[in-house]
4 protein chains.
Amino acid sequence: MLKKLTEEKLSELLETGIAEFAEKGLDGANVNTIAKKAGISVGVLYKYYENKEEFFHACLRKSLDILKSVLNEVTQSNDKLLVRAERMIRAVQDYSKEYGVYIKMYNRIASENGRKYVSMYAAEIESMTARVYTEFIERAIKDGDIRNDINPRLFAFFFDNLLTMLQFSYCCDYYTERARVYCKEDFDNDEMIVSELLKFIESAFTFSRSEIVHRDQM
Amino acid sequence: MLKKLTEEKLSELLETGIAEFAEKGLDGANVNTIAKKAGISVGVLYKYYENKEEFFHACLRKSLDILKSVLNEVTQSNDKLLVRAERMIRAVQDYSKEYGVYIKMYNRIASENGRKYVSMYAAEIESMTARVYTEFIERAIKDGDIRNDINPRLFAFFFDNLLTMLQFSYCCDYYTERARVYCKEDFDNDEMIVSELLKFIESAFTFSRSEIVHRDQM
Amino acid sequence: MLKKLTEEKLSELLETGIAEFAEKGLDGANVNTIAKKAGISVGVLYKYYENKEEFFHACLRKSLDILKSVLNEVTQSNDKLLVRAERMIRAVQDYSKEYGVYIKMYNRIASENGRKYVSMYAAEIESMTARVYTEFIERAIKDGDIRNDINPRLFAFFFDNLLTMLQFSYCCDYYTERARVYCKEDFDNDEMIVSELLKFIESAFTFSRSEIVHRDQM
Amino acid sequence: MLKKLTEEKLSELLETGIAEFAEKGLDGANVNTIAKKAGISVGVLYKYYENKEEFFHACLRKSLDILKSVLNEVTQSNDKLLVRAERMIRAVQDYSKEYGVYIKMYNRIASENGRKYVSMYAAEIESMTARVYTEFIERAIKDGDIRNDINPRLFAFFFDNLLTMLQFSYCCDYYTERARVYCKEDFDNDEMIVSELLKFIESAFTFSRSEIVHRDQM
DNA sequence: TATGAATGAGAATTCATTCAT
DNA sequence: AATGAATGAATTCTCATTCAT
């Protein structure tokens with residue numbers, strides 16, 4: 001073809017790489033195939049990226065950057081916790097279709113073991129949400145919006161766990177099937193997912209053990 | 001006698017395979033290396049398994065079977081929901097050390113995409129817990145132990161999501177690092193994890209929106 | 001073929017490698033071609049040798065070992081210097097046909113630049129002859145066999161230079177052509193080469209400058 | 001003006017090529033790297049040279065031409081043989097530093113085997129010195145300056161062999177190490193090399209076998 | 001005319017799979 | 001039946017060469 005590699009061609013290469021790596025993983029994907037699908041020669045790929053692994057990391061990084069920017073947008077708000085929670089759940093539902101591959105990539109790296117870079121990615125990616133969520137919970141406690149007998153960091157952790165699994169459920173084959181096993185046709189009912197998950201979360205954040213105890217029964 | 005030896009050998013082969021596949025994945029692991037580590041020849045491996053993928057599935061199956069039997073043991077109980085929840089959380093903590101590789105394998109298959117067998121595994125593995133959890137929640141509702149304004153299947157789903165993420169956090173590199181980013185040193189405090197997670201779950205299951213509304217304001 | 005790689009097959013592989021490397025050099029030779037010519041698969045080659053360079057070194061080493069053993073045989077003697085010199089010249093003539101490739105390999109490594117291992121080979125290979133020649137000259141001086149106004153090490157060096165060039169002249173394309181340019185048809189007259197080279201050497205070793213001076217004229 | 005620039009550029013390209021080929025050989029050197037180092041595009045390189053090999057030959061030719069002109073300068077003289085020999089030895093010492101790369105290139109081609117052009121180069125390069133040396137020796141014999149029982153062509157050959165090896169010893173890694181193994185620290189003593197080599201040569205040329213025989217006994 | 005990005009054939013290396021022993 | 005050496009297709013990566021700009 002011998003046409004100057006435009007910005008968009010390069011972007012297409014990354015997208016193709018992401019699609020392949022998301023499906024087959026670092027080892028399973030084939031560099032030549034990716035190049036061919038992207039409409040370029042292997043040569044260019046290797047002009048831009050030292051080797052397969054570096055290219056994989058570029059794909060990963062792009063995926064994570066996109067996810068991060070989406071996340072950033074969504075977490076930006078001064079609303080109360082439950083309002084934010086609802087916004088985030090809906091964001092997960094909305095973006096999961098469009099950004100599915102990026103979430104698959106995120107899922108890929110999250111299932112890698114024994115690679116040095118794994119913990120680096122974790123530290124980088126999770127730090128932002130961990131901080132945002134934790135601070136928000138701390139402020140809500142101070143404001144008396146939610147109960148004060150909880151460990152903010154751990155509750156932030158549980159909250160993110162629920163969102164993460166929801167993401168995976170919408171994007172990754174296994175988790176989608178799993179969600180369907182649990183939720184049946186309700187999994188396709190976005191509104192129900194939102195309302196039930198909110199229900200789950202809001203009580204968790206709102207009631208203290210003492211209240212539970214003195215009313216009790218379970 | 002000879003058969004016994006073979007069975008042992010075969011079991012060792014599977015364990016070795018699990019260890020390798022858990023670390024490197026289907027494509028990253030090396031069949032010859034596995035055979036050597038297991039102390040057998042590749043020849044026997046191929047006598048028992050058609051090809052690499054089939055052997056991988058055998059490893060996967062064994063992993064999942066073990067996890068299933070552990071799970072089965074733990075979910076067997078007539079206790080009330082929170083008692084069971086606590087037992088399960090503690091089970092996750094206890095078994096995560098011993099059965100780490102199996103959970104890694106579970107995580108592997110869960111991050112696979114575009115493979116027909118993925119949804120089959122999901123259906124098989126998740127069905128049991130989905131049914132058990134859902135039934136239990138339904139009974140708890142009927143017994144008036146927990147609130148009655150929830151969708152049992154979805155709540156079972158959320159509950160399992162929390163447990164699944166806890167498992168991964170204890171066993172898989174990325175999730176461990178992620179948990180540490182969120183929980184800091186508290187992640188090493190098993191009791192705190194138990195109590196906070198229980199706190200999170202129990203309110204979720206115990207209080208109804210109406211109660212929240214009439215008391216409140218979040 | 002799937003036939004156990006015998007000692008001789010391995011030896012054949014080395015010989016094939018030597019032949020290829022002698023002709024085309026480390027970079028120019030093709031591992032797949034060598035394997036095919038040797039009648040084995042690339043796989044075995046890589047079972048025995050880490051990579052192309054290591055295989056090249058194995059070929060080099062074999063070549064040098066053979067040359068060394070031949071040299072060792074020839075330098076073993078208690079004869080006087082000129083007798084030994086003659087024996088060596090004749091050895092060069094005799095063995096050059098049979099061991100031509102090994103000498104080509106020697107010539108290859110001798111023309112390599114900027115590789116760490118080059119000086120290691122030089123030190124290893126040349127040390128033996130350097131010591132033998134030098135000691136022999138020292139002893140000849142002490143015995144009064146040859147003149148005593150010379151630096152034994154340097155004369156050993158010059159002597160070996162003449163023999164080395166003679167070797168190359170018999171075995172390496174360029175040097176053969178060069179020898180023919182100088183010597184014309186006399187290059188094919190082995191006896192003449194022997195007698196003239198001996199003539200050249202014997203005077204060099206026998207007469208002192210003082211003798212030259214007092215007779216003088218040049 | 002523009003042509004001037006091009007000629008300079010072209011010369012620089014050749015010099016860069018020589019440096020690279022001298023270090024890495026025809027197969028080891030990289031055309032793109034050479035062009036980049038020379039500050040031109042590969043395009044021009046291929047405008048001037050059909051392909052890599054042709055460019056290599058251009059580099060080789062330039063190297064040999066320079067060596068030839070140097071040699072020509074040095075061999076031009078009416079002095080007696082030993083005076084000329086001394087001049088040549090000193091020339092080798094002086095020029096080896098400055099013209100090291102060209103000698104390395106000479107060494108490269110001299111170690112090539114199985115290529116048709118090799119013998120052409122040999123014929124061309126060696127003819128001049130062979131003729132000059134031989135004629136000079138013949139004249140010296142006729143003039144009674146040196147002994148008359150020698151084959152002029154062979155003696156010219158031996159003489160050139162010594163000079164050639166001296167050149168290599170000063171310029172090529174392997175031969176330098178080899179020279180050091182033989183000569184130890186004396187190899188850095190230029191004057192000693194000159195005087196000892198002259199000693200070696202002068203006797204070789206001056207004394208006849210009959211003289212050796214009737215005085216002697218080695 | 002000069003450039004150097006792009007090409008893609010070719011070379012090194014790996015490893016799933018076979019099968020002679 | 002078990003072994004594991006041998007196979008060679010497949011994959012990664014390089015670099016001589018081309019040609020649109």
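Quick note on labels: first sequence line is chain A, next is B, and so on, each numbered from 1.
- Sorted by first and then second residue, the pairs that involve residues 104-114 of chain B and meet salt bridge (charged side-chain N to carboxylate O under 4.0 Å, His left out), not counting sequence neighbours, are Arg108(A)-Glu112(B), Glu112(A)-Arg108(B), Glu23(B)-Lys104(B).
- With rounding to whole Å, Glu54(B) atom CD is found 14 Å from dA16(E) atom C1'.
- Relative to the axis of its first five pairs, the axis of the last five pairs of the helix from dA2(E)-dT21(F) to dT21(E)-dA2(F) sits at 10°, rounded to 10 degrees.
- Partners of Cys59(B) by side chain to side chain contact (heavy atoms under 4.5 Å, CB included), not counting sequence neighbours, listed by chain and number: Leu14(B), Ile18(B), Phe21(B), Phe55(B), Met105(B).
- Sorted by first and then second residue, the salt bridge (charged side-chain N to carboxylate O under 4.0 Å, His left out) pairs with a member in residues 51-65 of chain D read Glu15(D)-Lys62(D), Arg61(D)-Asp65(D), Arg61(D)-Glu124(D); sequence neighbours excluded.
- Listed by chain and residue number, Phe168(C), Tyr174(D) satisfy the ring pair (Phe, Tyr, Trp, His ring centres under 6.0 Å) test with Tyr106(C) (two or more places apart in sequence, or in another chain).
- A side-chain donor-acceptor contact under 3.5 Å links Asn113(C) to the backbone of Asp173(D).
- Proximity of residues 22-35 of chain A to DNA chain F (heavy atom under 4.0 angstrom from any strand atom) is restricted to Ala29(A), Asn30(A), Val31(A), Asn32(A).
- Atom NZ of Lys37(B) and atom P of dC15(E) are 13 Å apart (whole Å).
- Among pairs with a residue in residues 25-47 of chain B, those fulfilling salt bridge (charged side-chain N to carboxylate O under 4.0 Å, His left out) read Glu20(B)-Lys37(B), at least two apart in sequence or across chains.
- In this view, Tyr49(A) satisfies the side chain to side chain donor-acceptor pair (under 3.5 Å) rule with no residue, not counting sequence neighbours.
- Residues of residues 40-52 of chain D that place a heavy atom closer than 4.0 Å to DNA chain F, in numerical order, are Val42(D), Tyr46(D), Asn51(D), Lys52(D).
- Between Glu53(A) and Gly39(B), it is Gly39(B) whose nearest contact on DNA chain F lies nearer the 5' terminus.
- Rounded to whole angstrom, the span from the CG atom of Leu13(B) across to the P atom of dA2(F) amounts to 12 Å.
- Cys171(C) and Gly100(C) make their closest contact through SG-CA, 3.8 Å (heavy atoms, listed as atom of the first residue, atom of the second, distance).
- Ser63(B) pairs by the side chain to side chain donor-acceptor pair (under 3.5 Å) definition with nothing, not counting sequence neighbours.
- Here Tyr121(D) pairs with His57(D) under the ring pair (Phe, Tyr, Trp, His ring centres under 6.0 Å) rule; sequence neighbours left out.
- No donor-acceptor pair closer than 3.5 Å links the side chain of Ser11(D) to the backbone N or O of Glu7(D).
- The separation between Glu20(D) atom CD and dA16(F) atom P is 11 Å, rounded to whole Å.
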